[in-house]
Structure formats: structure tokens, C-alpha cells
Amino acid sequence: MTELIVIAEIAKGTIHTTTSELVTAANALGGSPMIIVPCTDASVADAAGSIAGASKVIAAKSDAFAHYDAAAWAEALDAVAPQGIILTSATPQSKDLAARLAARRNLSVVQDVVAIRENQLTSPVYSGKAMQTVAISGPAVVSVRANVFDAAPSTGSNEISVVDTTGNMATAVQEFMARASQRLDVAEANIIISGGRGMGSPDNFVHLEAIADTLGAAVGASRAAVDTWEAIPHSMQVGQTGKTVNPNLYIAVGISGAIQHLAGMRSSKYIVAINKDADAPIFQHADYGIVATWEEALPVLQSTLAGMMA
Amino acid sequence: MTKIVVLVKQVPDTNAKIVVSGDRVDLSAVKKVMSPYDEFAVETALRHRDASGGEVIALTLGGAGADKVLKDAKAIGVDHIVRIDCEQELDSNALQSALASTLQELGAEIVYCGKSAADTGAGSTGPGVAERLGWASASNVISVGFDGGLTVVAPSDGGNARMSVNTPAVITCDKGDIKVRKPNVKGIMQAKKAQVEVKAAAIQPSSVTIVAHSMPPAKPAGKSYEGGAAAAEVANLLRDEANVI
Ligand SMILES: Cc1cc2nc3c(=O)[nH]c(=O)nc-3n(C[C@H](O)[C@H](O)[C@H](O)COP(=O)(O)OP(=O)(O)OC[C@H]3O[C@@H](n4cnc5c(N)ncnc54)[C@H](O)[C@@H]3O)c2cc1C
Ligand SMILES: Nc1ncnc2c1ncn2[C@@H]1O[C@H](COP(=O)(O)O)[C@@H](O)[C@H]1O
């Protein structure tokens with residue numbers, strides 16, 4: 001049987017919950033994976049000890065994991081992982097790592113998997129306008145989208161071992177430019193509230209920010225908003241030429257729902273649309289559509305949510 | 001003379017409707033264009049040349065139809081255009097191997113490509129090619145500096161980082177703040193006359209095979225409401241029905 005290996009997703013120095021989803025995805029491929037945790041301090045791996053459905057945990061310890069460097073990470077993880085099917089999360093960084101690892105082993109990589117049936121893997125292609133199912137034969141590297149597979153329960157008790165490893169860095173950080181706001185980036189957030197040209201002015205984004213702060217969400221934008229208003233940076237743009245996001249909840253406000261915007265957010269688990277035009281295409285993709293101006297709807301949404309969170 | 005290579009791929013226009021007929025996408029009626037991020041890769045490659053001298057080669061792997069994107073790159077200002085002749089769909093391993101061996105043959109010293117192609121959405125090619133060449137790579141780069149070695153700005157936990165990158169390297173380009181240049185009349189005339197250098201490549205067999213394409217699962221019709229007051233009910237449903245807050 002092919003060995004299954006999950007590379008733990010690390011965010012802010014701890015194991016991210018998508019790691020438990022990767023274990024479920026590995027189980028769908030027909031086995032219990034080992035979990036490899038890239039870390040500088042082996043205690044980070046302790047949290048993986050309780051993920052059910054895994055066979056064991058390896059803390060792969062290296063100074064190289066202090067900062068992401070594709071070449072060094074691939075080298076260091078390649079040295080620890082046995083041959084087999086490797087699963088990573090589908091964040092931009094982990095997709096990059098997945099591609100590097102696959103190439104290092106002369107294997108193919110299958111990105112953004114959202115369904116697994118035996119050896120067949122399905123991913124969105126053409127910006128989500130179609131799905132592609134491929135068959136893998138033998139070892140490969142596979143990245144799996146978040147919020148698709150259920151998280152494995154934390155009822156396990158996996159043995160944890162520590163392996164030292166190393167990789168040569170090919171890049172060096174010279175300057176770190178923190179985001180001005182403490183708010184999450186759309187690429188990282190589980191809830192996103194985005195504004196479009198219908199917001200009328202960048203100043204009105206404060207209403208989206210208030211809701212984002214209530215929910216711990218990120219604020220996104222359509223390209224029309226980014227292109228029209230200097231104050232809305234491209235880093236907020238969702239869509240074809242912006243970021244592809246896959247949150248649990250996406251709230252689109254004053255966004256018409258152009259195909260290129262949909263390309264970036266249509267796979268969100270739940271979509272709420274607020275738009276004054278009942279015929280806006282975004283409503284065809286919304287789980288909850290509210291035909292209203294944002295001026296009417298956002299204060300109600302904000303006060304109801306604030307009441308819930310209080 | 002820095003040899004700069006930019007990878008460009010021909011993809012369906014992002015406005016195009018994608019149809020699945022039988023169990024494969026049917027792209028016969030679809031307009032094809034250069035993949036959007038590749039435009040930023042071409043622009044960055046040209047800026048690199050402008051800053052440090054050298055030449056820019058645009059490289060694609062595809063059938064004869066893909067010559068069009070090479071001509072588009074030529075019209076914008078690349079010096080040479082090269083196509084690895086291959087009509088088949090390749091898996092990432094076969095594609096990257098063919099690109100990597102041709103890059104070696106061309107004597108590439110720096111490679112720019114798109115952060116992901118509009119058809120695959122994968123983002124595998126840049127880092128994969130870099131690994132095969134034993135090169136550095138930096139991905140999703142929004143800005144490149146050429147003074148005193150190569151530096152890039154790319155997203156990093158909680159912000160952006162400016163990094164120095166060892167060369168040779170592969171840089172995958174996101175849409176940065178740069179404006180891409182448009183072809184001028186002279187460029188278009190030159191592109192018309194330009195010869196595509198066609199190379200044959202040894203193509204490895206693919207280990208990942210396409211089983212089927214399908215349309216995305218239809219979303220069940222959502223609930224719809226009139227008037228802003230309904231936002232209160234929607235908030236409640238998000239908590240009680242969808243369980244997302
Ligand atoms: C190659 C290419 C790439 C692209 N990439 C992207 C991309 O990455 N992301 C992206 O978003 N777009 C992208 N676009 C642009 C896309 O085609 C649309 O132009 C864009 O998404 C429209 O943005 P919008 O919905 O904010 O604006 P509009 O289409 O102008 O829609 C504004 C909406 O707001 C509504 N509205 C107005 N006033 C109010 C109010 N007071 N309250 C509530 N609703 C109101 C209107 O009814 C309307 O539906 C791309 C286009 C191309 C050609
Ligand atoms: N067949 C190809 N020919 C040339 N470049 C390619 C090809 N496929 C992918 N690329 C390059 O690699 C980038 C990322 O593609 P992908 O890994 O498919 O997302 C593209 O934007 C192109 O720059």
C-alpha cells in the first residue's frame with residue numbers, strides 16, 4: 001500500500017485546523033497518514049498528537065522552518081517524508097511547497113482538490129467554471145482546499161517523534177512590511193465581507209470594517225472598487241486577477257457578480273449578497289440574497305451580529 | 001548579457017463560457033488569450049532587461065495555435081519567441097520536465113512566469129521548474145527590484161516581505177502595482193514578421209490522467225429577501241441554519 005503523508009499546515013506558529021481536514025482527506029485515499037509537522041521547536045507538534053485517523057506524528061525540526069523558503073522547505077521535508085502520497089493544504093504557500101516537493105521527487109502535483117473517490121481527485125479548473133477529475137497512479141503530491149473535508153476529531157493519541165532536518169535557504173528576508181490593519185487578509189480568513197462599486201465611496205468601507213471586526217472577518221473588494229478608489233489596495237481584490245478565496249462565509253455588498261469576481265469566491269461555503277438590483281448575477285450564487293441598498297441593510301446586519309456576539 | 005526567459009501560456013479568455021460536452025471541456029469555440037498573470041511576467045522580464053541589459057525570450061509549450069501568444073509577447077517587446085511543440089495535455093511532471101530541459105538548452109539565467117494559469121489555477125509550474133533546475137524561487141511576487149542583486153516583494157504572514165533571491169531563480173508574478181505596456185504599431189509589425197523557433201521535446205509519459213470534466217455542482221436556489229430589515233433574519237440563519245458564525 002502507498003504510504004500517506006500529511007504535511008501539517010502551520011499558521012502563526014501553531015498547527016492550523018485544516019491539518020485535521022487533511023487527515024480526513026488522506027483517509028478517503030484509503031489509509032491512516034503520518035503527520036509531518038515542520039517546526040523550529042518540536043513542542044509545536046504536540047497539538048497533532050490528538051488528531052484521530054492518523055498513524056503517527058513526526059516533528060520535523062529545522063531552523064529552515066523559521067521563515068518560508070520554497071527550496072529549503074522542500075529539501076528539509078523531502079529528507080523526512082517517505083515515498084508515498086503527500087497531502088498539503090491549498091494555501092498559496094502550501095501549494096508552492098507542494099509543487100516543489102513533487103518536482104523534487106519527479107512526481108506530479110494535483111492542486112486544490114475538493115473531492116476524493118478512491119484514486120480519483122477532483123479540482124476546480126477554468127476559474128471554477130468546470131471541475132476536473134484526474135486519476136493518480138502511485139506516489140504524487142496533492143493539495144487540498146480548506147473547508148471541504150470534515151476535520152478529523154481530536155480523540156486520537158498519536159505517538160510523536162522528533163527528527164532533525166535541514167535545508168538551504170535560497171531567499172533572505174530583508175524587510176518585513178506588516179499590514180497597516182490588524183485585520184486578517186482575505187486569503188487567510190474564514191469569513192470575508194467584500195464591497196464593490198455599489199459602496200459609492202471608499203469611505204463607506206468603514207461599515208464593512210465594523211462588521212468584519214464584529215465577526216473576526218477580513219474585508220475584500222471587487223476589482224471595480226480597487227480600480228476606482230486609490231484607498232482600496234489590490235491586496236483586497238477577490239477574483240480572477242485578485243485572490244481566490246474559499247471561506248465558510250462570503251458576504252458580497254454592492255457587487256454585481258461578474259464572472260471574474262465569481263472566479264475568486266464561488267466555492268465559498270455560504271454566500272450572502274446585498275445588492276439593490278434584484279437582477280444582479282450575484283444573486284444566482286447566493287445562499288441568502290437581500291435585495292436592498294447597503295445603506296438600509298448593513299446597519300441592521302451590524303446590530304444583529306453585534307447582539308449575537310455580545 | 002543576461003538571458004531572461006518568460007513563460008507564457010495560451011488559455012481561454014476569462015470572459016469565455018466553458019462548456020462540457022460528453023465528459024470533456026469543449027474549447028473549440030472559445031477565444032484564446034495570454035494567461036492574465038503572464039502579462040505581468042512579460043512586463044517584469046522587459047523591465048529586467050531595461051535595467052540590466054540582456055535579452056528576453058518568451059517560451060511556451062503547446063500546439064501551433066499557441067504561436068499567437070508568442071506573437072503577442074513579441075509585439076510588446078520580447079526579443080525572441082520559442083515554442084516547444086506539443087499538442088497533448090501534460091501532467092505537471094511532464095510539462096515541467098520539458099520546460100526545464102528547454103530552459104537549460106536556452107541558457108536561461110532568470111525565469112519569470114505567471115503565479116497561476118487561468119485554466120489550471122494551479123501555480124505549480126514556477127516552483128516545479130525551479131526545483132528541477134536546482135534554482136531559487138519566489139512566488140506570488142508583486143514587485144521586483146534589479147539593483148544590487150535580485151529583490152522581490154511577496155506576501156508573507158501578516159503583510160509583505162522584501163526578500164533577496166539567489167540567482168538563478170524562477171519568479172512567479174502576481175498583479176503588482178506595475179502597469180503593463182501595450183503593443184505599439186512598430187511592435188505589431190515586427191511581431192507579424194517574427195519567426196517562432198519551434199523545438200521538439202522529449203515528452204515523458206504522464207502519470208496523472210484526466211478522467212472527466214464536469215460542470216460545477218449547481219447550487220440549490222438560495223433564499224431571497226426584500227428590504228434591509230431582512231438582514232436581521234439572515235444573520236440569525238447564518239448562525240442557526242448555516243452554522244457559520
Ligand atoms: C481580465 C479581467 C480580469 C478581471 N478580474 C477581476 C477580479 O479579479 N475581481 C473582480 O471583482 N473583477 C474582475 N474583473 C472585472 C469584472 O468584470 C467586473 O467589472 C467587476 O467585478 C465589477 O465590480 P463591481 O461588481 O464592484 O461593480 P459593478 O459591476 O459596477 O456593480 C456594482 C453593483 O452595486 C450595486 N449597487 C449600487 N448601489 C448600491 C447600493 N447603494 N446598495 C447596494 N448595491 C448597490 C449595483 O446594483 C451593481 O450590481 C476582471 C475583468 C477582466 C476583463
Ligand atoms: N504550457 C505552458 N507553456 C509555457 N508556460 C506555461 C505553460 N503552462 C504553465 N506555464 C507558466 O506557468 C504559469 C503557472 O501555470 P500553472 O502552474 O498551470 O498554474 C503560467 O502562468 C505560465 O507562465
Side-chain angles (χ1 to χ4, degrees), chain A residues 70-71 74 92 95-96 99-100 102-104 106-112 120 125-138 140 170-179 215 234 240-241 248-249 259-260 270 272 283 285-292 296-297 300-301 304-305 308, chain B residues 12 14-15 18 20 25 36 91-93 96 118-124 127-128 131-132 136-140 151 156-166 175 207-216 219 222-232 234-235 237-239 242 244-245:
Chain A
K95 285 173 67 173
D96 191 59
R100 271 266 181 185
R104 194 171 178 87
N106 209 31
L107 299 174
S108 269
V109 56
V110 183
Q111 304 278 22
D112 294 302
Q120 299 195 350
V125 287
Y126 303 102
S127 319
K129 289 188 245 176
M131 307 301 287
Q132 174 167 284
T133 300
V134 300
I136 54 171
S137 52
T171 60
V173 175
Q174 296 187 322
E175 180 191 358
F176 181 70
M177 295 158 275
R179 260 196 304 281
L215 292 174
H234 178 256
Q240 181 82 51
T241 39
N248 267 326
L249 173 60
I259 192 93
Q260 295 92 351
Y270 283 91
V272 173
F283 284 124
H285 300 269
D287 299 278
Y288 305 104
I290 304 174
V291 182
E296 287 177 90
V300 179
L301 188 63
T304 315
L305 291 172
M308 282 180 186
Chain B
T14 60
N15 270 313
I18 300 293
V20 176
V25 289
D91 69 1
S92 69
N93 191 26
Q96 293 166 16
D119 50 0
T120 66
S124 305
E131 181 66 39
R132 277 159 215 276
S137 63
S139 292
N140 309 313
T151 60
S156 172
D157 236 4
N160 287 328
R162 183 184 306 283
M163 295 177 284
S164 59
V165 182
N166 294 352
K175 174 187 171 168
S207 67
V208 170
T209 49
I210 297 176
V211 178
H213 287 126
S214 55
M215 293 312 280
K219 252 195 129 132
K223 298 186 171 156
S224 87
Y225 302 87
E226 296 271 344
V234 169
L237 289 170
L238 289 173
R239 181 185 58 186
V244 285
I245 53 178

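All chains are named by letter (A, B, ...) in the order of the sequence lines, taking the proteins before the strands, and each is independently numbered beginning at 1.
- Of all heavy-atom pairs spanning A/K95 and B/A122, the tightest one is CE-O, 3.0 Å.
- Remark: the A/S108 side chain and the B/D91 side chain contain an N/O donor-acceptor pair separated by less than 3.5 Å.
- A/R100 and B/S137 get closest at one heavy-atom pair: NH2-OG, 2.9 Å.
- For the set A/A297, A/A140, A/A172, A/A178, the entry with the most heavy-atom pairs within less than 4.5 Å of chain B is A/A172.
- For B/P36, the part lying under 4.5 angstrom from a heavy atom of chain A is the side chain only.
- If you tally non-hydrogen atom pairs under 4.5 Å between each of B/A230, B/A138, B/A118 and chain A, the highest count goes to B/A118.
- Counting all heavy atoms, side chain and backbone alike, B/M215 lies closest to A/K129 at CE-O, 3.8 Å.
- To the nearest 0.5 Å, the span separating OG on B/S214 from CE on A/M131 amounts to 6.5 Å.
- The minimum heavy-atom distance linking B/G228 with A/E296 is given by the pair N-OE1, 3.6 Å.
- Here the side chain of B/S92 pairs a donor or acceptor atom with the backbone of A/V109 at under 3.5 angstrom.
- Per-residue heavy-atom pair counts under 4.5 Å with chain B were compared for A/T171, A/T133, A/V300, and the maximum is reached by A/T133.
- If you tally non-hydrogen atom pairs under 4.5 Å between each of A/L305, A/L301, A/I259, A/I290 and chain B, the highest count goes to A/I290.
- Take A/D287 and apply the salt bridge (Lys or Arg N to Asp or Glu O under 4.0 Å) test, not counting sequence neighbours, and it matches B/K219.
- Note on A/I136, A/V125, A/T241, A/N248: by heavy-atom pairs under 4.5 Å with chain B, the leading option is A/T241.
- Residues passing the salt bridge (Lys or Arg N to Asp or Glu O under 4.0 Å) test with B/R239, sequence neighbours excluded: none.
- For B/V244, the parts lying near chain A are the backbone and the side chain together; criterion is any non-hydrogen pair under 4.5 Å.
- A/Q174 and B/S164 make their closest contact through NE2-CB, 3.6 Å (heavy atoms, listed as atom of the first residue, atom of the second, distance).
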